[in-house]
Amino acid sequence: MELANKERIKHHFKTFSKFTATPNEGMTRYSYSPEDVKTRTYIKEKMEQYGLTVREDGLGNIFGKLEGTIENAPSVLVGSHFDSVPHGGNFDGPAGVIAGLEVAALFQEQQIKPAYPLEVIAMIEEEGSRFGEGLMGSRGMNGLIDEEDFHTIRDKDGISVTEAMQQAGLDPTLPKHREQKTMKAFLELHIEQGPILEEENISIGVVDTIVGLTQLEVTVEGKAGHAGTTPMDRRSDALITASSLVSELPNLVQDESNGTVITTGKFAVYPNGANVIPQKVVFTIDLRSGEEASIRRVMQKAKTLIASHQKNGIHTSIHQHLYMQPKELSKEVRSSFKESTEKLGISYIPMQSGAGHDAMIFSDFTEAGLIFIPSKDGLSHCPEEWSDLEHLAQGVDILFETAKKLTEAEIG
Ligand code: HGY
Ligand code: MN
Ligand code: MN
C-alpha cells in the first residue's frame, strides 16, 4: 500500500536542486546565501499550501505547524537541514525536509486532525560549511549556543551570523531557544551516506546510535619570507610543519576500533603566494568514533603531537568548534519506526550512523529518531550523491505512519 506521492517528491527535489551557487559542480548552498533564500521561500510556500502555519526563529530555522486538538500540546517535529557542504549532493538534508513536507501533504490529503501538533522543520547550518559551527541550527534552537556567540561567529569574509541573517532579510532578534516542553518527538529521514543498505539490498536503516565527534581548527604560525633570498636553515615555514602534522594524523587512530576516523578537510595557507614562505596555515581535524574514550585518547595524542612541533620559530594553537558524545536514539521512536516498516512490509535493519545529524542534538531534549534510505554506491558529500525515488517514497511512508501514531491521543 503506497502513500507518498512520488510526483510531488520528485518536483520538490528538482526545485531544491536548482538553488545552488555551483550549478555545474554539485550543490553548494550556504546558510543565509541567495540560494538559501530561494530554497526557504519555496519551503514556506509549500508549508502554507499544505495547511501549515509558518514561522522562522531567530536563527532562520523554518517551522510549519499543523495544530492539534489538545491545547498547548508538545509537537511531533519532522524534518532535517537544507544547507550543504561545498560541491555536495542534492539529497543530504533535503531528503529529510522534503519527506517532512510530504508527510504534511498526506495529513492534509487524508484530512487528519492530530491530537498533538505536527511540525515540519527545515534547519540551517547543520554542515557548518559557512560558519564552521556544525549542527548550529539544532544546537541554537536547543539553547546550546550563547546569544552573544551569534555576534562573534563569523564566516571566511568576517560576516557574523547576525549580520548574515540581516543581509538575507531574516530577523535575528526573534526567539532562538525552543522550550523543551514544546517537543514530543523529533523524526528525521536522512540518506545513509554509506554503502550498507545498498549492498544488503535493504530499503530502510533504523538508526540506534550516532557516533561522537569533535571538530578542531589548528593554527600553525611561522614567519613569512622571500622564497629566493631566505636560506633554508633560517626559515620558520608554517606549511612544512602543518603538512607534516597532517600526514601523521592517520597514525593516531590506527590502534582504535569502533569506527574511529580522522580527517583533515580544510587547509588554508597564508599569504598563499608562490614566492612567499608561508607565514600561517589553518587546517581542520574532524575526529569521530562510536566510543567516547577513543575520541578522548586520540584528541590527547593530537594535542601532544601538535605541541611537539612548537620549535624553531613555529607556534601552534588549537580551537575546538564542536564536541559531541556518541548518542543512543529514542527506544520508543525506534520501535515505532520498526512497527511502521513491518506494517508496510518494508525491509529494514538497525544501524549505527558514522555521520552526525540534527537528531543527535534533539536526542538530549526529546524522543529523537532517525531513519536512513540507501545511497547509490554509498556516495555523499559529492555531486554524485543519489537516492532512488522508490526508497524516498518508502521512507516517507514510514515517517507518515510513525508521525500519525505519535500525534494520536494516548488511549486511557
Ligand atoms: O559531517 C557530518 O557528519 C554531517 O554531514 N554534517
Ligand atoms: Mn552532510
Ligand atoms: Mn546531513
Side-chain angles (χ1 to χ4, degrees), residues 13 16-17 20 26-31 36 39 61 78-100 121-140 144 186-197 205 207 209-217 259-266 284-290 295 320-327 329 351-363 368-376 378-387 392 395 399:
F13 268 102
F16 270 63
S17 308
T20 170
M27 171 53 65
T28 302
R29 179 163 53 230
Y30 292 160
S31 300
D36 165 312
T39 312
N61 294 311
V78 185
S80 189
H81 63 96
F82 65 105
D83 65 309
S84 80
V85 295
H87 303 288
N90 290 321
F91 296 79
D92 175 358
V97 173
I98 288 168
I121 175 173
M123 290 174 276
I124 53 100
E125 201 64 2
E126 186 274 349
E127 300 291 3
S129 303
R130 178 167 182 180
F131 296 100
E133 293 290 333
L135 303 164
M136 191 174 88
S138 48
R139 285 195 294 144
L144 298 178
F186 171 79
L187 311 179
E188 184 172 12
L189 175 149
H190 203 282
I191 57 172
E192 179 200 341
Q193 301 178 295
I196 297 167
L197 290 173
V207 179
T209 55
I210 302 180
V211 293
L213 61 94
T214 185
Q215 291 180 339
L216 309 174
E217 186 177 88
T260 307
V261 288
I262 195 164
T263 313
T264 286
K266 291 172 87 168
T284 56
I285 298 178
D286 177 304
L287 168 63
R288 308 182 186 212
S289 177
I295 297 177
Q320 184 169 43
H321 277 286
L322 187 60
Y323 182 86
M324 296 294 303
Q325 294 171 317
K327 288 281 184 309
L329 298 182
M351 294 182 83
Q352 164 165 299
S353 172
H357 295 288
D358 289 312
M360 73 198 297
I361 300 297
F362 282 94
S363 69
L370 173 64
I371 53 172
F372 281 161
I373 59 170
S375 290
K376 190 168 174 332
L379 295 177
S380 180
H381 283 190
C382 60
E384 297 75 19
E385 188 180 271
W386 178 265
S387 288
L392 281 157
L399 271 190

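In what follows, residues are counted from 1 in the order of the sequence shown. In listed order, ligands and their atoms are each counted from 1.
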Between D358 and H81, does any side-chain donor sit less than 3.5 Å from a side-chain acceptor?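 Side chains of D358 and H81: no pair found under 3.5 Å.
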Indicate whether the side chain of E188 and that of S80 have a donor and an acceptor atom separated by less than 3.5 Å.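 Yes - a donor-acceptor pair under 3.5 Å links their side chains.
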Does H357 bring an N, O or S atom to within less than 2.8 Å of the Mn ion (ligand 3)? no
Contact check: E127 to the Mn ion (ligand 3), N/O/S below 2.8 Å: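 No N, O or S atom of E127 is closer than 2.8 Å to the Mn ion (ligand 3), so no.
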Could you check which N/O/S atom of H190 is closest to the Mn ion (ligand 3)?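 That would be atom NE2.
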Sub-3.5 Å donor-acceptor pair from the side chain of [X] to the main-chain atoms of [Y], do we have one?
| X | Y | result |
| --- | --- | --- |
| S31 | I124 | no |
| R288 | T263 | no |
| T264 | T284 | yes |

I'd like to know whether ligand 1 has H357 as a neighbour, heavy-atom separation below 4.0 Å. no
Ring centres of H357 and F186 under 6.0 Å apart?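 No, they do not, as the ring centres are separated by 6.0 Å or more.
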Show which atoms of ligand 1 fall inside a sub-4.0 Å distance from at least one heavy-atom site of [X].
| X | value |
| --- | --- |
| A355 | 3 (O) |
| H381 | 5 (O) |
| E127 | 4 (C), 5 (O), 6 (N) |

Of all N/O/S atoms in D92, which lies nearest to the Mn ion (ligand 2)? OD2
Walk me through it: do I285 and I262 pass the test side chain to side chain contact (heavy atoms under 4.5 Å, CB included)? CA-CA 7 Å; I285 298 178; I262 195 164; 3.7 Å; yes
Could you tell me whether [X] and ligand 1 have an N or O pair separated by under 3.5 Å?
| X | result |
| --- | --- |
| Q215 | no |
| D286 | no |
| G356 | yes |

Among S84, S375, S380, which residue satisfies the side chain to side chain donor-acceptor pair (under 3.5 Å) criterion with E385?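 The option that passes is S380.
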Below 4.0 Å, non-hydrogen atoms only: which portion of R288 touches ligand 1? Side chain, backbone, both or neither. side chain
